[in-house]
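Data block below; observations after.
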Amino acid sequence: MPVTVIVGCQWGDEGKGKIVDYMSSKMDVVARYQGGNNAGHTVVINGEKYVLHLIPSGILHDAVVSVIGNGVVVDLVGLVKEINEIEGNGFEVEGKLLISEQAHVILPQHGILDRARETSLGAKKIGTTGRGIGTAYAEKMARRGIRACDLRHKDTFVRKYREFGAYCNEVLTKFFGVEAVDVEAHLEELLKCGERLKPMLSDTVTYMNNAIASKKNILAEGAQGVLLDVDFGTYPYVTSSSPAPGGACTGLGISPRHINNILGIVKAYTTRVGEGPMLTEQKNEVGERIRKEGGEFGATTGRARRCGWFDAPAVRRAIQVSGCTGIVITKLDVLSILSEIPICVGYETPSGRTNLLPFDVSDIDQCKPIYETMKGWECDLSHVREAGKLPQPAIDYVLRLQELMGVPIDMVSVGPDRRQTLAFGK
Ligand code: IMP
């Protein structure tokens, strides 16, 4: 069976980019199925760092075709910038990147509306990336969105863009009380971006299904994490799409019967960017040390990530809705700085103990983490190339996570480079 789905099983930033890149050498197709340029995938190849926001990490491999599926929202200006950057680094894009004709586009007004809404929410803000993701998905569901196929017909695009621009200005001025946007000022650049992207537009649904029929190896790459899923995450502190594996079916136009591997990516501790509950957050010196050691700053916005202990009930919730067949533990090396490592194994609640993160944030607020403490290993792991050569306390830590998650751990990552990825338990 050809399709593997990769999902983040926390609040994003689990290190999916590195694992997608690692697995891409065995793939024919790597496809993104949701999200937009709110994502930030950092990939290190031979010491060189590449940050991708919208384009699947497969683009860094010569033999891989990268697909931006219909479930993705495509920032026209952002995508062209990213293509230029990748080409500037010597990678080929044209002929290797397909963009779904049904993908909805993000226009400058989506970002402006997103930021106006966040400002108006004040202390109740979501902490979005401000990239217009939620507003683009909202327009899609309201059946007013503009799709990539509209770029094929200049008149249609211009008409829809002007209608949308006028609508946004009403909302901006009358509801948010901020300045209107000069609609015409953005038009020329958008049309130029449209021209650049036109040759890459494709019926990606047929492409994906043909690839499946001809038994190609396909990786479907989720962005963000399952705890940010609009249905299963900590609503309303979520993104506006479906990172959970079901999103791969609707976001690429493929049947669930073609998916057999679902690989969950899990960081050895927890991080979160933006607002919303995070029960194991360490707002103290230890949290600060983890942030510094792990370089926990957003690849897209540069924001400091909130850091804390591994939260088994939260990961278990993500695994429950994802049906993961295997797990990759990332950033184990970051914990080398600690002599003792607490793990949250469950929560105390007013109605007793639970081992699953509740869905309702007001229930989450009532939960108190129950910790057990593991011994640290306090030595550098970055040079380790075989799981068997990890220090025993590190092996014990990974095995305890495996027991708590109830899913086999297939790989452990001890650094950002492709070479720092160890097969586990085989
Ligand atoms: P939005 O996706 O920009 O609407 O932001 C909604 C929430 O998702 C905010 O808490 C963001 O910080 C979070 N978010 C969006 N993209 C990512 C990501 O790639 N990694 C981690 N958090 C993200």
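Because the structure is a prediction, the values reported are computed rather than measured. Whatever order the structure lists ligands and atoms in, that order sets their numbers, starting from 1. Sequence positions, counted from 1, serve as the residue numbers for this chain.
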> Between Gln109 and Tyr161, does a side-chain hydrogen bond (donor to acceptor under 3.5 Å, both in side chains) hold up when you go through it step by step?
Replying inline: CA-CA 10 Å; Gln109 284 88 342; Tyr161 169 69; 3.1 Å; yes
> Do Asn37 and Glu82 pass the side-chain hydrogen bond (donor to acceptor under 3.5 Å, both in side chains) test, and can you show the C-alpha distance, the side-chain angles, and the key distance before you say yes or no?
Replying inline: CA-CA 10 Å; Asn37 57 340; Glu82 198 168 320; over 6 Å; no
>> Applying salt bridge (charged side-chain N to carboxylate O under 4.0 Å, His left out) to Glu184 and Arg162, what does each step give before you reach the verdict?
In response: CA-CA 8 Å; Glu184 298 305 312; Arg162 285 187 174 139; 2.8 Å; yes
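With Thr325 contributing its side chain and Asn261 its backbone, the two residues share no donor-acceptor pair below 3.5 Å. With hydrogens and angles disregarded, a donor-acceptor distance shorter than 3.5 Å links the side chain of Thr135 to the backbone of Gly132. Thr234 places a side-chain N or O within 3.5 Å of a backbone atom of Tyr237 that can act as its donor or acceptor partner.
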One line per pair, note the atom names and distance for all nitrogen or oxygen contacts under 3.5 Å between ligand 1 and the protein.
from: ligand 1; atom 1: 2 (O); to: Asn38; atom 2: ND2; distance (Å): 2.8
from: ligand 1; atom 1: 2 (O); to: Thr239; atom 2: OG1; distance (Å): 2.6
from: ligand 1; atom 1: 3 (O); to: Thr129; atom 2: N; distance (Å): 2.8
from: ligand 1; atom 1: 3 (O); to: Thr129; atom 2: OG1; distance (Å): 2.6
from: ligand 1; atom 1: 10 (O); to: Val273; atom 2: O; distance (Å): 3.2
from: ligand 1; atom 1: 12 (O); to: Gly127; atom 2: O; distance (Å): 3.3
from: ligand 1; atom 1: 12 (O); to: Val273; atom 2: O; distance (Å): 3.1
from: ligand 1; atom 1: 12 (O); to: Arg303; atom 2: NH2; distance (Å): 2.9
from: ligand 1; atom 1: 16 (N); to: Asn38; atom 2: O; distance (Å): 3.4
from: ligand 1; atom 1: 16 (N); to: Gln224; atom 2: NE2; distance (Å): 3.2
from: ligand 1; atom 1: 19 (O); to: Asn38; atom 2: O; distance (Å): 3.4
from: ligand 1; atom 1: 20 (N); to: Asp13; atom 2: OD1; distance (Å): 3.1
from: ligand 1; atom 1: 20 (N); to: Asp13; atom 2: OD2; distance (Å): 3.4

